Amino acid sequence: MNHDYKHARERMIKTQLIPKGIKDKLVLEAMSKVHRHLFLEEALAGEAYNDHPVPIGHKQTISQPYIVALMTQILKLTGKEKTLEIGTGSGYQTAILAELSLKVYTIERIRPLMEKARYLLNSLDYTNILFKYYDGTLGWQEYAPYNAIIVTAGAPQIPEKLVEQLAEGGRMVIPVGGKTNQDLIEVIRLKTGYKTVRHGGCRFVDLIGAHGWKE
Ligand code: SAM
């Protein structure tokens, strides 16, 4: 049995990502490089490359590969960015961002998930990631502004604090809407204010916090 899952990754790219419109070469390269199965419980590793989210404990999920790729593609990363991630979860999306950014700042509100992701990403030799146990709806003021912000949980509205921490010309991607369905929204920070672009429907777990849903 092949535990490297190389063929499963290739299949994921050919059957789930490219046909649905993922064409950013850097995103496809990162998705073929990062071993997604390492971010799941051993018993669920065989599910890692299937076209759906998978539970990671604490009522949370690792997002479907296509959604990870789509959100990353929307950010148009080139390797030079300071990127803020809200919702570390398993750390899989964090690894993809770390492949494509200068530095990644990631925030998680469930401490055991953050600790587990930190341990795994350190053991995989990522040296450009800083972790914080905090309410990510408030952002991470200390290192602002960011060129890119990604929110991997569904918000009732665009959190103001996050827009404030976006650099001029910077992009944020965030699911916004109700508890069961959201729209994937791209926010582009302008000199004054911001503009938004809608990228279709999605379904995320709740963003919980001061500028998110109440617990
Ligand atoms: N990107 C992750 C991955 O690749 O595994 C999946 C993230 S999961 C869909 C959403 C995560 O957002 C959960 O781990 C949840 O605890 C976290 N979260 C929800 N509200 C948050 C907040 N206010 N600040 C930080 N993390 C939050």
Side-chain angles (χ1 to χ4, degrees), residues 12 17 27 30-31 33-41 44-45 47-75 77 83-101 104-121 124 126 129-141 146 148-162 165 172-177 179-182 184 202-215:
M12 168 186 85
L17 307 189
V27 174
M31 301 274 304
K33 181 175 171 192
V34 177
H35 289 197
R36 182 173 158 95
H37 59 278
L38 298 178
F39 294 81
L40 291 174
E41 297 289 342
L44 294 174
E47 303 273 317
Y49 301 99
N50 295 344
D51 193 15
H52 54 72
V54 183
I56 55 170
H58 305 271
K59 298 189 190 147
Q60 305 303 324
T61 52
I62 181 172
S63 305
Q64 172 194 7
Y66 167 65
I67 288 290
V68 172
L70 176 62
M71 292 177 88
T72 313
Q73 177 166 274
I74 289 169
L75 292 176
L77 300 172
T83 301
L84 176 67
E85 178 188 38
I86 314 304
T88 317
S90 70
Y92 173 68
Q93 171 83 69
T94 321
I96 300 292
L97 297 171
E99 293 286 340
L100 299 175
S101 310
V104 178
Y105 303 83
T106 186
I107 307 178
E108 174 56 58
R109 67 177 285 278
I110 299 177
R111 194 189 279 276
L113 286 179
M114 193 212 68
E115 296 297 354
K116 197 171 173 192
R118 171 155 55 193
Y119 180 81
L120 177 59
L121 290 162
L124 294 173
Y126 286 100
I129 306 172
L130 279 187
F131 297 82
K132 185 170 169 129
Y133 165 61
Y134 192 57
D135 172 6
T137 66
L138 299 170
W140 194 339
Q141 184 62 48
Y146 302 96
I149 300 181
I150 180 169
V151 181
T152 68
Q157 71 277 315
I158 298 171
E160 237 173 78
K161 285 273 172 215
L162 296 183
Q165 292 179 23
M172 169 158 71
V173 61
I174 177 168
V176 181
K179 286 212 170 208
T180 48
N181 287 291
Q182 305 89 29
L184 197 56
C202 55
R203 188 175 193 149
F204 275 82
V205 296
D206 295 349
L207 180 74
I208 297 171
H211 298 282
W213 297 100
K214 300 291 161 256
E215 205 159 346

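Bear in mind that the values here come from a model prediction, so they are computed numbers and not experimental data. Each ligand, and each atom within it, is numbered from 1 in the order the structure gives.
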TODO: Carefully, step by step, assess R118 and E108 under the rule salt bridge (charged side-chain N to carboxylate O under 4.0 Å, His left out).
DONE: CA-CA 11 Å; R118 171 155 55 193; E108 174 56 58; over 6 Å; no

Task: Y126 side chain to E99 side chain, donor-acceptor N/O pair below 3.5 angstrom - done: yes

Task: Flag, side chain of T152 to backbone of I86, donor-acceptor distance under 3.5 Å - done: yes

Task: Subset of ligand 1 atoms that lie under 4.0 Å from at least one heavy atom of I208 - done: 19 (C), 20 (N), 21 (C), 22 (C), 23 (N)

Open item on the list: Between M172 and I158, is the side-chain contact (heavy atoms from CB on, under 4.5 Å) condition met? List the steps.
Closed with: CA-CA 10 Å; M172 169 158 71; I158 298 171; 3.7 Å; yes

Open item on the list: I'd like to check which ligand 1 atoms, numbered from 1 as shown, lie under 4.0 Å from a non-hydrogen atom of T137.
Closed with: 23 (N)

- [ ] Name the closest protein heavy atom to atom 12 (O) of ligand 1, giving the residue it belongs to and the distance to 0.1 Å.
- [x] G87 CA, 3.3 Å

Open item on the list: Please check whether Q93 reaches ligand 1 - meaning an N/O of the residue sits under 3.5 Å from an N/O of the ligand, judged on distance alone.
Closed with: yes

- [ ] Answer with side chain, backbone, both or neither: which part of L113 has a heavy atom less than 4.0 angstrom from an atom of ligand 1?
- [x] side chain

TODO: For ligand 1, indicate whether the residue I110 contacts it via side chain, backbone, both or neither (heavy-atom separation under 4.0 Å).
DONE: side chain

Task: side chain to side chain contact (heavy atoms under 4.5 Å, CB included) against V205, all qualifying residues, sequence neighbours excluded - done: Q60, T61, A153

- [ ] Starting from atom 18 (N) of ligand 1, locate the nearest protein heavy atom and write down its residue, its atom name and how far away it is, to 0.1 Å.
- [x] R109 CG, 3.9 Å

Task: Nearest-contact summary for atom 7 (C) of ligand 1 - protein heavy atom, Å - done: T152 OG1, 3.3 Å

Task: Proximity flag D206 to ligand 1, non-hydrogen atoms under 4.0 Å - done: yes

Task: K33 atom NZ, over 12 foreign heavy atoms within 6.0 Å - done: no

- [ ] Enumerate the atoms of ligand 1 whose separation from the nearest heavy atom of G136 is less than 4.0 angstrom.
- [x] 22 (C), 23 (N), 24 (N), 25 (C)

Task: Residue, atom name and distance, where the atom is the protein heavy atom closest to atom 8 (S) of ligand 1 - done: T61 O, 3.2 Å

Open item on the list: A side-chain contact here means heavy atoms from C-beta on lying under 4.5 Å apart; do R36 and S90 qualify?
Closed with: no

TODO: For Y134 and ligand 1, answer yes if some heavy atom of the residue is under 4.0 Å from a ligand atom, otherwise no.
DONE: yes

TODO: Please examine the side chains of T137 and L162, heavy atoms only from C-beta on, and report whether any two atoms are closer than 4.5 Å.
DONE: no

Task: Contact summary for M31 and P65, nearest pair of heavy atoms - done: CE-O, 3.5 Å

Task: Option nearest atom 13 (C) of ligand 1 (shortest heavy-atom distance, choices M71, Q60, R203) - done: Q60

Task: T88 heavy atom under 4.0 Å from ligand 1 - done: yes

TODO: Start with the C-alpha gap between I67 and F204, add the side-chain angles, then the distance that decides, and say whether side-chain contact (heavy atoms from CB on, under 4.5 Å) holds.
DONE: CA-CA 10 Å; I67 288 290; F204 275 82; 3.4 Å; yes

Open item on the list: Tell me the protein heavy atom at minimum distance from atom 14 (O) of ligand 1, and give that distance in Å.
Closed with: E108 OE1, 2.7 Å

TODO: Report the part of I62 in contact with ligand 1, treating N, CA, C, O as backbone and CB onward as side chain, heavy atoms under 4.0 Å; options are side chain, backbone, both, neither.
DONE: both

Task: For V205, the ligand 1 atoms whose distance to one of its heavy atoms is below 4.0 Å - done: 9 (C), 10 (C)

- [ ] May I ask you to list the atoms of ligand 1 that are less than 4.0 angstrom from any heavy atom of S90?
- [x] 3 (C), 4 (O), 5 (O)

- [ ] Rounded to the nearest 0.5 Å, what's the gap from OG1 on T106 to CD1 on I129? Could you check?
- [x] 8.0 Å

